[in-house]
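The structure under discussion appears below in the form of structure tokens.
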Protein chains: 2
Amino acid sequence: MAEKAAHASADLCQRLRAAALRPTRQRLVLAELLFARGHRHVTAEALHAEATRAGIGVSLATVYNTLHQFTAAGILRQVAVDATRTYFDTNVDAHQHFYVEDSSMLIDIPGDSIAVSGLPQPPKGTRIDRVDVVVRISKA
Amino acid sequence: MAEKAAHASADLCQRLRAAALRPTRQRLVLAELLFARGHRHVTAEALHAEATRAGIGVSLATVYNTLHQFTAAGILRQVAVDATRTYFDTNVDAHQHFYVEDSSMLIDIPGDSIAVSGLPQPPKGTRIDRVDVVVRISKA
DNA sequence: AATCTTCTTTAGAATTATTCTAAACTGTTG
DNA sequence: CAACAGTTTAGAATAATTCTAAAGAAGATT
């Protein structure tokens, strides 16, 4: 356990260094919460609450900064499904989402199960960055 | 022309009545701006500015109310692509969008050109409301 | 280890988009 | 046209996010 944790921390340090981000206490804490166990979908507020609850003081501004820095570094992905909230996804591999409208929750759809065909050519002078699919669902 | 405009107004009145919305001056003005000429993607702020510029006083609150009422009535569709802005689309038929990240513009992709396959079953007790595809593009 | 420089963090103010509120107003119906 | 229910509105309130400027911590340099 301790070994695993140590390994995880060391790994996180590497990832931060690779992104030219100093491995500060705050960033390590947030990275731990984000990446320690499986993939997650979080909002800034929720992550901030989590850190606070865990007894680690991190300001909300830092949470926002960090989430954006991680996104720029490619270790987080921002998901736009709802105009009022921004979600961050720790899974940056190709995949898509169900969005449960009743509960504002995201559910992953593996990238290899889903396919989009018939895309027209993008306008001249532009290139495709990403294709996002959101399947909106609600209580039957 | 005058004939066409009259026809259009009458038609808009019908649509509003059908949605149990009184055809007030404000709603007719906004409907005119939205539906008079081809399909459009607008934000509340932009529509408000347009109405104001056209010399017709409509409060911003009314623009928001109206856009939401029209959406509920199914004559507008809300598009979520960017966490900071909400777009309303006058085309409510099945279709998708390119989103130009550099300029925050939406471009239609006809619904019959694009297809999504391999969708997994939605979670039990839920049904699919809509499948949204956003193709994010930027300057090459 | 002391120093310097640069990057980070932070509290709180500021901004942006949107919703709410309560009072004034208007369309519709009898 | 009176009466009622539905609408509009200015401005306050809220929510999510970004900005600011000052204090704090990392990493390099001596």
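Below, all heavy atoms of this structure are taken into account, side chains as well, without hydrogens, waters or symmetry copies. Labels below follow one simple rule: chain letters A, B, ... track the order of the sequence lines, proteins then strands, and each chain is numbered from 1.
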*Assign a letter to each nucleotide of nucleotides 17-30 of chain C from its 5' end: B, base within under 4.0 Å of a protein heavy atom; S, sugar-phosphate only; -, no contact.*
SBBB------BS--
[X] [atom1] - [N] [atom2] separation (whole Å):
{"X": "A:Asp82", "N": "D:dA15", "atom1": "CG", "atom2": "P", "value": "15 Å"}
{"X": "B:His48", "N": "D:dT9", "atom1": "NE2", "atom2": "P", "value": "8 Å"}
{"X": "A:Leu67", "N": "D:dT17", "atom1": "CG", "atom2": "C1'", "value": "12 Å"}
{"X": "A:Leu47", "N": "D:dT17", "atom1": "CG", "atom2": "C1'", "value": "15 Å"}
{"X": "B:Ile56", "N": "D:dT8", "atom1": "CD1", "atom2": "P", "value": "14 Å"}

*Report the residues that fulfil side chain to side chain contact (heavy atoms under 4.5 Å, CB included) with A:Gln26, sequence neighbours left out, ordered by chain and then residue number.*
A:Thr24, A:Val58, A:Thr62
*List for me each residue that meets ring pair (Phe, Tyr, Trp, His ring centres under 6.0 Å) alongside A:His68, sequence neighbours excluded, and say none if there are none.*
A:Phe88
_Test of understanding: with ring pair (Phe, Tyr, Trp, His ring centres under 6.0 Å), list the residues that count as partners of A:Phe35, not counting sequence neighbours._
none
*Output all residues satisfying salt bridge (Lys or Arg N to Asp or Glu O under 4.0 Å) with B:Arg22, sequence neighbours left out; order by chain, then residue number.*
none
*How would you list, by chain and number, every residue that makes a salt bridge (Lys or Arg N to Asp or Glu O under 4.0 Å) with A:Asp132, sequence neighbours excluded?*
A:Arg77, A:Arg130, B:Arg136
*Is there a side-chain polar atom (N or O) of A:Gln26 under 4.0 Å from OP1 or OP2 of C:dT10?*
yes
*asked:* If you compare every side-chain N and O of B:Ser59 against the phosphate oxygens of D:dT8 (OP1, OP2), does one of them come in below 4.0 Å?
replied: no
*asked:* I need the minimum non-hydrogen distance between B:His95 and B:Asp89, along with the two atoms involved.
replied: NE2-OD2, 2.9 Å
